[in-house]
Amino acid sequence: MEILEYSEGIILKDVKDFELKHIFDCGQCFRWNDDRDGSYTGVASGRAVRFIKDGSDVYIKGGKIHDKDFWIHYLDLNRDYGKIKDELSKDETLKEAIKHGEGIRILNQEPFETLISFIISANNRIPMIKRAVENISRNFGEKIIFEGREYYSFPDPERLSYATVEKLEECGCGFRAPYIVETTREILEGRADLEHIKSLDTDNAHRELIKLKGIGPKVADCILLFSMGKHDAFPVDVWVKRVMQHFYLAPDVSLKKIRDFGREKFGKNAGFAQQYLFYYARDLKGKEGLKN
DNA sequence: AAACAGGAACCAC
DNA sequence: GTGGTTCCTGTT
């Protein structure tokens, strides 16, 4: 793969294992929207761009060449997903699941944005989460003009510290509003240090994260996987719970047991397995009739 | 229009 | 530590 400049941005030439829909519509991120033509527009770390796929080339319209290392990291382009898929395909269920999410990649997102977004994800659905995250960005982030339209960066802890519980409720955060205020304060005032947590191993980082208000085991696993490079994390949401119970376990095993089983079974690739399974579960809905 | 979907907190035990 | 209930809001 190489990266070139073009008139409106940059091009990633000859990218493998890369499908926009699988990457941006698989529940790992909330700020990218399908423009109804298969391209996706959104904001990452203050950069508003549009992704357009053409064959094996990916256009990042609005992308700057001096940000090329940022995009390589964000899109996890240095990882060999073919190899991961080969390893996971030894398991028959995963072999099937991978077919449904061929081009998934796990993004490397900002820890703070990911943490707040997944606090909002508790007992919530993707369109609602997206709306709340968008509202927070519009109210507390910085304006970016792209293609003649307004976009907003996700606020850093300092900017989000101006948010009150009332304002966050208006943004659609519901009962999670006080958790966001409290956790933002913990981070801003240095009692929680996301960079330090990121430097710990998966188990210790998990222990630290669940000390924070609004973060339970599942949300902690999402933060670890989607923003801290912990690919051995295995977040168990309702969808993953359903596939796991259907294909591997009894219908009544606890979330913790499913988590332990997944981490044990898929090891260093547990996070990737989780993504394929999540996508698979959502495709299976209605067809095979997953229980619960 | 009542039922349902979705994880964490919180309180019992 | 496990189990039951509550939180909020849109959709069916």
Side-chain angles (χ1 to χ4, degrees), chain A residues 25-30 33 109 111-136 138-139 163-187 191-192 194 197 203 205-228 230 233-246 249-263 270-271 274-275 277-292:
Chain A
D25 262 339
C26 65
Q28 66 172 321
C29 54
F30 303 104
N33 293 302
Q109 304 178 73
F112 182 65
E113 172 176 344
T114 306
L115 181 149
I116 300 297
S117 300
F118 278 95
I119 286 178
I120 296 167
S121 80
N123 209 326
N124 210 346
R125 290 141 109 170
I126 291 172
M128 293 296 96
I129 304 165
K130 286 175 109 170
R131 204 181 63 165
V133 173
E134 212 52 51
N135 288 337
I136 288 174
R138 188 174 328 105
N139 280 284
T164 60
V165 169
E166 294 70 32
K167 192 72 190 170
L168 288 168
E169 281 171 349
E170 279 175 38
C171 288
C173 297
F175 66 90
R176 312 153 195 93
Y179 306 154
I180 294 171
V181 169
E182 185 172 338
T183 292
T184 298
R185 189 177 299 135
E186 292 294 295
I187 291 167
R191 286 185 294 279
L194 298 186
I197 292 174
D203 288 326
H206 193 269
R207 250 172 242 132
E208 291 302 313
L209 284 171
I210 59 175
K211 287 179 185 169
L212 297 167
K213 274 278 163 31
I215 302 180
K218 146 60 163 75
V219 168
D221 281 328
C222 289
I223 297 164
L224 291 170
L225 181 58
F226 303 135
S227 73
M228 295 185 173
K230 308 299 186 197
F234 192 76
V236 182
D237 65 5
V238 283
W239 294 99
V240 173
K241 172 176 174 280
R242 293 196 268 243
V243 255
M244 292 299 286
Q245 290 175 338
H246 188 261
L249 300 158
D252 60 347
V253 292
S254 69
L255 292 174
K256 185 177 180 338
K257 288 252 169 68
I258 298 172
R259 176 179 187 266
D260 293 344
F261 179 89
R263 294 193 67 192
Q274 188 270 0
Q275 284 295 277
L277 289 167
F278 177 84
Y279 214 90
Y280 187 29
R282 290 172 48 113
D283 275 1
L284 278 179
K285 201 207 168 170
K287 291 185 191 172
E288 245 168 87
L290 287 183
K291 298 215 172 104
N292 288 341

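Proteins come first, then strands; the chains are lettered A, B, ... in the order of their sequence lines, and each starts at number 1. These figures come from a predicted structure and were not determined experimentally. These numbers come from the heavy atoms of this one structure, side chains and all, not from hydrogens, waters or symmetry mates.
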Taking the side chain of [X] as its heavy atoms from C-beta onward, which of [options] lies nearest to it?
X	options	answer
A:V238	C:dC7, B:dG6, B:dA8	B:dG6
A:M128	B:dA9, C:dC8, C:dG10	C:dG10
A:F175	B:dA8, C:dC8, C:dG10	C:dC8
A:R242	B:dA8, C:dG10, B:dG6	B:dG6
A:R125	B:dA5, C:dC7, B:dA8	B:dA5

Within the structure shown, what part of the strands sits under 4.0 Å from [X] by heavy-atom distance: base, sugar-phosphate, or nothing?
X	answer
A:K213	sugar-phosphate
A:L212	sugar-phosphate
A:L255	nothing

Counting just side-chain N and O atoms, does A:R176 come under 4.0 Å of either OP1 or OP2 of C:dT9? no

With respect to the phosphate group of B:dA5, does any side-chain polar atom (N or O) of A:W239 fall under 4.0 Å of OP1 or OP2? no

Please report the distance, rounded to the nearest Å, between [atom1] in [X] and [atom2] in [N].
X	N	atom1	atom2	result
A:N124	B:dG6	CG	P	11 Å
A:I119	C:dC8	CD1	P	16 Å
A:K130	C:dG10	NZ	P	17 Å
A:N135	C:dG10	CG	C1'	15 Å
A:Y179	C:dT6	OH	P	15 Å
A:L168	C:dC8	CG	C1'	15 Å
A:L209	B:dA9	CG	C1'	17 Å
A:I126	C:dT11	CD1	P	14 Å

Is any side-chain N of the basic residue among [X] and [Y] closer than 4.0 Å to the acidic one's carboxylate O?
X	Y	result
A:D203	A:R263	yes
A:E208	A:K211	yes
A:R185	A:E182	no

Here the gap from A:Q109 atom CD to A:L225 atom CG, rounded to the nearest 0.5 Å, amounts to 10.0 Å

Has A:T183 got a side-chain atom pairing as donor or acceptor with A:K213's backbone, closer than 3.5 angstrom? yes

